[in-house]
Amino acid sequence: MKTRRRFFLVLVAMGVAMFDFPAEAQRGRGIVQDEAKEPADKSETIRPSGLEPVFPEKVRCPEIASPFGSRTRYDGSSRPSWAPGGGSHGGIDITLAAGTPLLALAAGTVVAKGEGGRMLGIYMWLSHSPEETGLPDWVFSKYQHLETLPELSIGAKVSLGQVIGRSGKTGTTGGHYGFNGYPHLHLTTLRSAEGEYQIEGSRVISRDGRIFDPLALYHEAGVRMERTAGMPPSGKGVVIPYVAADGRAWPANTRVVWPIACPPR
Ligand SMILES: [Zn+2]
C-alpha cells in the first residue's frame, strides 16, 4: 500500500508540474524545470479565431507556420493535450533565419525583457496604448526566442516598425526540436481595457488581460481595404499591413505592421 500511495503522490506532483507550464511550453515532454515556475497563461481564451492572413502580392512576407489556437507545431506534429489550453497554441510562430530584424508591430513602450529557460528563451514585451494602435484596448506584445537580449531598455519608446531585436532559437533546443532547435519568432498578444500591469517572472499580468490572435490586431487596427482577389469568402480575411524593404509602412496611414519587413517579390 505504501508503494502505491507514493506512486499516487508522484503522479499528482507530475500533474501539477505539467499544468503549470506556460502556453509556449507545449513542446517536449522531458523534465522542464525552468518552465514549471512559470504559471500558465489564461488558456481558456486560446481558440482559433478563424481569421486568415492575406499577404499583399507584391511582397514576400514571412508567413505563419503555426497559427493561433493550432493543435500542431510548424512541422505538423501534435502539441501535447496535457498542456494549458489543451495543447492549443497561445500565439503565432513565424519561421525565420536567426538574426532576422524584428519590428515593433505598433508604436509602444518596452515593458519587460529577459532570458527564460527552455521553451521560453530570450523575450521582450512591449505595451501599446489605444492611441498608438487605434484599438479601444491596451495591447501587450511578447516577442520570444530572440537571438540576444535587446539593447532597448525598459521604458524606452519605440516607433511603428522600429527594429526592436533579432530573431533566434533561444529556448527551443532540446525537447521536441532537438539539438538544433527551431529558429522562429513566437508572438503572443494580450489585450486589456486597462493599461495597468504587473510583471511576474516572464509574464505581463493585467487584471482583465486576455490572450488573443495577433491577426485580430491587423483585423481591427489595420486599415480597411477593398476585398482583393485572394480574400477568403468567409469575410475573415485580414490584409496584412507591413514595412517594405525601403523602411516605409504600407498602407502609409497604418498604425500596425507585420513584425518582420516584407521584401519585394
Ligand atoms: Zn509558438
Side-chain angles (χ1 to χ4, degrees), residues 18 20-30 32 34-35 38-49 51-53 61-98 100 102-103 105 112-126 139-147 164-178 180-191 201-204 210-218 240 258-260:
M18 284 171 171
D20 219 8
F21 287 1
E24 184 59 3
Q26 294 152 10
R27 307 161 173 151
R29 49 196 110 99
V32 194
D34 291 343
E35 285 65 51
E38 300 279 342
D41 288 318
K42 284 190 176 177
S43 53
E44 69 274 15
T45 58
I46 302 174
R47 273 183 232 112
S49 64
L51 295 173
E52 293 178 47
C61 297
E63 298 190 12
I64 296 171
S66 176
F68 184 85
S70 174
R71 313 281 303 183
T72 56
R73 305 182 183 96
Y74 85 101
D75 58 7
S77 62
S78 294
R79 295 174 184 273
S81 60
W82 46 256
S88 298
H89 196 202
I92 58 173
D93 286 345
I94 302 172
T95 306
L96 294 170
T100 305
L102 302 175
L103 314 181
L105 51 78
K113 63 174 182 175
E115 183 158 12
R118 198 147 75 78
M119 310 299 164
L120 181 59
I122 298 175
Y123 62 89
M124 184 175 214
W125 279 97
L126 304 178
V139 174
F140 298 89
S141 60
K142 183 194 195 188
Y143 295 69
Q144 241 176 284
H145 312 302
L146 309 188
E147 190 172 47
I164 54 146
R166 295 192 177 261
S167 71
K169 60 178 183 179
T170 54
T172 71
T173 48
H176 178 75
Y177 297 116
N180 290 325
Y182 169 39
H184 72 290
L185 167 68
H186 171 95
L187 176 69
T188 294
T189 48
L190 182 74
R191 66 197 297 169
S202 66
R203 303 176 64 209
V204 166
R210 56 214 184 277
I211 289 175
F212 70 106
D213 186 347
L215 286 178
L217 188 70
Y218 304 105
I240 302 296
W258 200 236
I260 306 105

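Quick note: numbers below take in every heavy atom, side chains included, and nothing from hydrogens, waters or symmetry partners. Indexing begins at 1, ligand by ligand and atom by atom, following the structure's order. Nothing here was measured: the structure is a model prediction, and the numbers come from that model.
Classification of the His186-His184 ring pair by plane angle, with boundaries at 30° and 60°, yields perpendicular.
Nearest N/O/S atom of His89 relative to the Zn ion (ligand 1): this is NE2. Looking at Asp93 and the Zn ion (ligand 1) together, the shortest N, O or S contact belongs to OD1. If you look at His186 and ask which of its N, O or S atoms sits nearest the Zn ion (ligand 1), the answer is ND1.
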Original post:
So His145 and Thr172, side-chain hydrogen bond (donor to acceptor under 3.5 Å, both in side chains) or not? Walk me through it.
Top reply: CA-CA 7 Å; His145 312 302; Thr172 71; 5.7 Å; no
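Side-chain atoms of Ser88 and Arg71 form a donor-acceptor pair, as typed in the model, at a separation below 3.5 Å.
For Thr170, the side chain to side chain donor-acceptor pair (under 3.5 Å) test picks out no residue, with sequence neighbours left out.
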